[in-house]
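All remarks here apply to the structure that follows.
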There are 2 protein chains.
Amino acid sequence: MVPHLTTALSGPLLDLEKHILDAMPRIEHWFRKQWQDHAAPFYTSVDLRNSGFKLAPVDTNLFPGGFNNLNPDFLPLCVQAAQSAVEKICPVAQRFLLIPESHTRNTFYLQNVATLQYILRQAGLEVRIGTLLPEITEPTALALPNGGSLTLEPLRRVNNRLVLDGFDPCAVLLNNDLSAGIPEPLQGIKQFVVPPLHAGWATRRKSTHFGAYDGVAADFAKLVDIDPWLINPYFSSCGEINFQERQGEDCLAGHVDELLADIRKKYAEYGIDQDPFVIVKADAGTYGMGIMTVKDASEVRALNRKQRNKMAVIKEGQPVTDVIIQEGVYTFESINEAVAEPVVYMIDHFVVGGFYRVHTGRGTNENLNAPGMHFVPLAFETCCTMPDRKAMPDALPNRFYTYGVVARLAMLAAAVELEQTDPRNA
Amino acid sequence: MVPHLTTALSGPLLDLEKHILDAMPRIEHWFRKQWQDHAAPFYTSVDLRNSGFKLAPVDTNLFPGGFNNLNPDFLPLCVQAAQSAVEKICPVAQRFLLIPESHTRNTFYLQNVATLQYILRQAGLEVRIGTLLPEITEPTALALPNGGSLTLEPLRRVNNRLVLDGFDPCAVLLNNDLSAGIPEPLQGIKQFVVPPLHAGWATRRKSTHFGAYDGVAADFAKLVDIDPWLINPYFSSCGEINFQERQGEDCLAGHVDELLADIRKKYAEYGIDQDPFVIVKADAGTYGMGIMTVKDASEVRALNRKQRNKMAVIKEGQPVTDVIIQEGVYTFESINEAVAEPVVYMIDHFVVGGFYRVHTGRGTNENLNAPGMHFVPLAFETCCTMPDRKAMPDALPNRFYTYGVVARLAMLAAAVELEQTDPRNA
């Protein structure tokens with residue numbers, strides 16, 4: 001079962017896929033060079049949107065959940081890539097402490113943590129789970145949807161090291177995006193922390209990421225001779241916003257206007273008969289909170305109280321003061337009339353799999369990763385590294401290869417972003 | 001369909017498998033350290049023998065054929081590992097020239113070359129096949145058993161570079177074991193050659209390899225607390241042999257006697273009720289030529305004319321002057337009454353798959369890789385990196401994991417061997 005791309009593949013995207021397939025050796029050669037100059041994150045997931053005329057990353061997650069949604073046939077790829085990641089980042093490590101998000105009721109998330117633990121164990125590491133939750137005071141087994149269980153253990157800090165009872169780990173692997181800032185137990189610890197603390201949303205900004213992506217996309221577009229807009233959404237950002245106090249509204253409305261005009265121009269150039277839209281979202285944050293779809297600048301002035309409140313805070317109650325305004329990319333992939341959005345997973349710089357978020361209750365111009373959203377995951381049937389040159393550019397293995405290429409561009413942008421924001425480089 | 005291990009798994013091997021499974025994190029950690037100190041060969045295949053009481057490598061091939069025999073489900077693992085190998089060994093390379101063996105009539109071998117080409121292309125390289133055969137004077141398509149075809153092109157040497165028409169490769173990948181010495185077109189070329197020329201049988205010696213393996217097996221045995229003999233066959237070697245002139249017979253008979261006595265002692269220690277035997281084979285060479293099974297020293301003195309001639313020359317008519325005498329390891333794996341011998345494949349230091357050589361016409365103490373042998377390949381059903389801790393130590397994924405560990409030990413020995421024999425280190 002594979003999502004159907006509604007828009008006939010005759011326009012710019014088919015051309016893009018053809019360009020990417022034809023340039024495959026050049027692309028892989030280019031990536032090899034990039035990974036010599038930039039260190040890939042330990043793991044990354046990238047949300048893509050495929051509008052049939054444009055294929056672009058809209059979110060790059062450095063603490064990916066959802067490993068449980070990948071095709072189990074390709075877990076060996078995850079294991080092999082994890083071995084490679086450990087070799088590069090912390091070869092001496094034998095014991096990993098995995099620190100997950102602190103929500104214990106989301107059993108799907110717990111299944112993700114269990115899958116990550118399994119992958120890392122198969123890669124040959126001892127892996128135990130330490131939780132930041134103060135209420136966990138002894139090892140606690142939580143039931144998983146698949147029938148197994150996951151044991152969370154209380155973290156202890158001893159001599160600037162995080163330990164568990166009888167377990168002194170060499171490295172700490174975060175699967176917690178640090179939305180609420182760097183938790184006290186993690187501050188100033190002497191162990192190796194991956195991803196680094198500055199990859200957390202306490203410091204990360206979407207606008208910095210997409211700024212880095214601008215450069216990556218421009219270089220790549222030159223390499224394969226395409227218009228970078230085909231893989232890169234326009235964006236701008238506003239600071240000093242206060243949705244509840246209606247502060248910063250002019251900045252926001254102005255940028256929305258500008259972006260819509262820019263998109264309209266591009267749509268005209270490519271003969272695209274769709275309404276342009278933009279997405280306004282918190283510059284720091286995740287989990288699809290604080291996000292809105294806007295088709296006209298007047299909408300940002302006409303927000304009601306409820307809408308303002310919804311935009312004003314994100315995960316862990318963090319107030320929103322900076323927003324990114326990003327060109328919206330339609331999702332024109334659907335399956336049984338439900339909208340489908342691909343998510344691509346990488347460990348080290350290897351694409352290890354992906355799945356579709358399939359959602360019946362959302363529109364083609366809405367975010368599919370929102371709180372309370374019960375999307376149905378649909379694992380990619382084939383892997384993303386086996387294009388079939390004898391098939392059409394939009395044949396499944398070729399579409400997935402293209403997804404893997406664009407996702408890697410976003411990952412490369414994240415690598416550049418993490419260099420720029422590394423406090424040691426300040 | 002999986003070969004059945006005839007000997008009940010209750011003795012030393014079950015113990016070995018248990019030790020290896022239990023020590024998995026320590027083993028993987030140890031391997032990571034080894035690969036920081038030693039460069040893994042580009043690709044390697046290792047023939048193993050499993051006697052139920054002993055599991056050991058008997059041949060380590062640095063120019064492996066047989067990639068076509070691997071389970072196609074795991075080709076993505078090969079592709080990912082090939083990307084890693086290229087990154088480490090020649091990251092700037094974009095065009096690979098693959099030089100195969102010069103036998104064009106063995107269509108199974110040609111299928112192997114086609115599979116290798118496919119893997120490297122999926123890894124993002126441009127790969128063309130240049131042949132050393134003088135009769136190929138223009139691009140020649142050869143039909144493959146699977147219906148496809150493979151194009152061989154004539155090599156040309158231009159300014160100390162090997163090129164094809166319209167193709168100037170950055171690197172040369174050898175799938176030719178150089179049994180007849182280093183072919184003239186390859187001498188002194190300025191391109192990057194993998195594996196290095198000194199990995200060819202013109203310089204390689206089995207006794208050097210197994211000497212390096214002695215050290216590796218001893219270190220590993222200490223790590224997991226086992227008797228190294230369980231994974232390491234005894235061996236010795238004789239030089240200045242001339243089978244046709246009956247020269248060196250005393251050396252040979254003496255070593256055979258000694259080895260048989262040593263093995264007998266070990267068999268008694270472990271209560272093994274089998275006849276010890278040794279394998280006498282050419283110290284430099286491959287393809288199962290110049291090999292005999294010996295159960296008593298008198299046999300080497302009683303060789304008839306035909307047997308002498310058979311031992312005296314190997315592939316490409318090379319005369320045999322040095323032999324290795326190696327403890328024979330029974331193959332007690334069988335399927336439908338046919339003997340089965342596992343072969344494990346690695347690219348970079350990753351285990352990417354394996355298959356069984358299944359042969360009806362051979363005994364449990366005979367070499368299964370001999371000229372004219374039409375073994376049936378039986379691909380491993382699962383991959384070698386997904387042990388199942390909840391299953392018995394001899395469950396299939398666990399047996400394959402153990403195979404992968406022992407094969408990697410042989411590969412590590414090859415890495416050490418190549419350092420020792422590198423002319424740049426002389």
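Because the structure is predicted, anything quoted here is derived from the model rather than measured. Basis for what follows: all heavy atoms, side chains included, without hydrogens, waters or symmetry-related copies. Letters go in sequence order (proteins before strands), and every chain restarts at 1.
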Side chain, backbone, both or neither: which part of A:Lys390 has a non-hydrogen atom closer than 4.5 Å to chain B?
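For A:Lys390, there is no contact with chain B at all, as no heavy atom is under 4.5 Å.
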For A:Ala81, is it the side chain, the backbone, both, or neither that has a heavy atom closer than 4.5 Å to a heavy atom of chain B?
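Contact with chain B involves both backbone and side-chain atoms of A:Ala81.
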Of all of A:Gln94, A:Arg26, A:Gln83, which one pairs up most often with chain B through heavy atoms under 4.5 Å apart?
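Counting heavy-atom pairs under 4.5 Å, the top option is A:Gln94.
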Under 4.5 Å, counting heavy-atom pairs only, tell me which of A:Glu87, A:His349, A:Arg389, A:Met386 racks up the most with chain B.
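The residue among A:Glu87, A:His349, A:Arg389, A:Met386 with the greatest pair count is A:Met386.
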Using every non-hydrogen atom in the two residues, find where B:Val352 and B:Phe74 come nearest and quote the distance to one decimal.
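Nearest pair, atom of B:Val352 first, then B:Phe74: O-CB, 4.1 Å.
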Which heavy atom in A:Ala123 sits nearest to a heavy atom in A:Ala82, and how many Å separate them?
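Heavy atoms only, the tightest pair is CB-CB, 4.1 Å.
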Atom group of B:Gln36 that falls short of 4.5 Å from chain A, counting heavy atoms
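Side chain only.
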Side-chain H-bond candidate by donor/acceptor type, B:Asn69 with B:Tyr345, under 3.5 Å:
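Note: B:Asn69 and B:Tyr345 side chains miss the donor-acceptor criterion.
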Hey, can you pull the donor-acceptor pairs under 3.5 Å for the side chains in residues 141-149 of chain A, sequence neighbours left out?
unit_1	atom_1	unit_2	atom_2	d
A:Asn146	OD1	A:Gly148	N	2.9

Sort and list the pairs that fulfil side-chain hydrogen bond (donor to acceptor under 3.5 Å, both in side chains) and have at least one residue in residues 119-128 of chain B, not counting sequence neighbours.
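Pairs touching residues 119-128 of chain B that pass the test: B:Tyr118-B:Gln122, B:Arg128-B:Glu153.
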B:Phe380: ring pair (Phe, Tyr, Trp, His ring centres under 6.0 Å) partners, not counting sequence neighbours
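Testing B:Phe380 for ring pair (Phe, Tyr, Trp, His ring centres under 6.0 Å), a comparison that skips the adjacent residues, returns B:Tyr356, B:Phe400.
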Quick check: under 4.5 Å, non-hydrogen atoms only, which of residues 27-35 of chain B neighbour chain A?
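So far as heavy atoms go, B:Glu28, B:His29, B:Arg32 are the residues that approach chain A to under 4.5 Å.
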Does a sphere of radius 6.0 Å around CG in B:Asp37 hold more than 12 heavy atoms from other residues, nucleotides or ligands, not counting ones at 6.0 Å or beyond?
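Result for CG/B:Asp37: enclosed.
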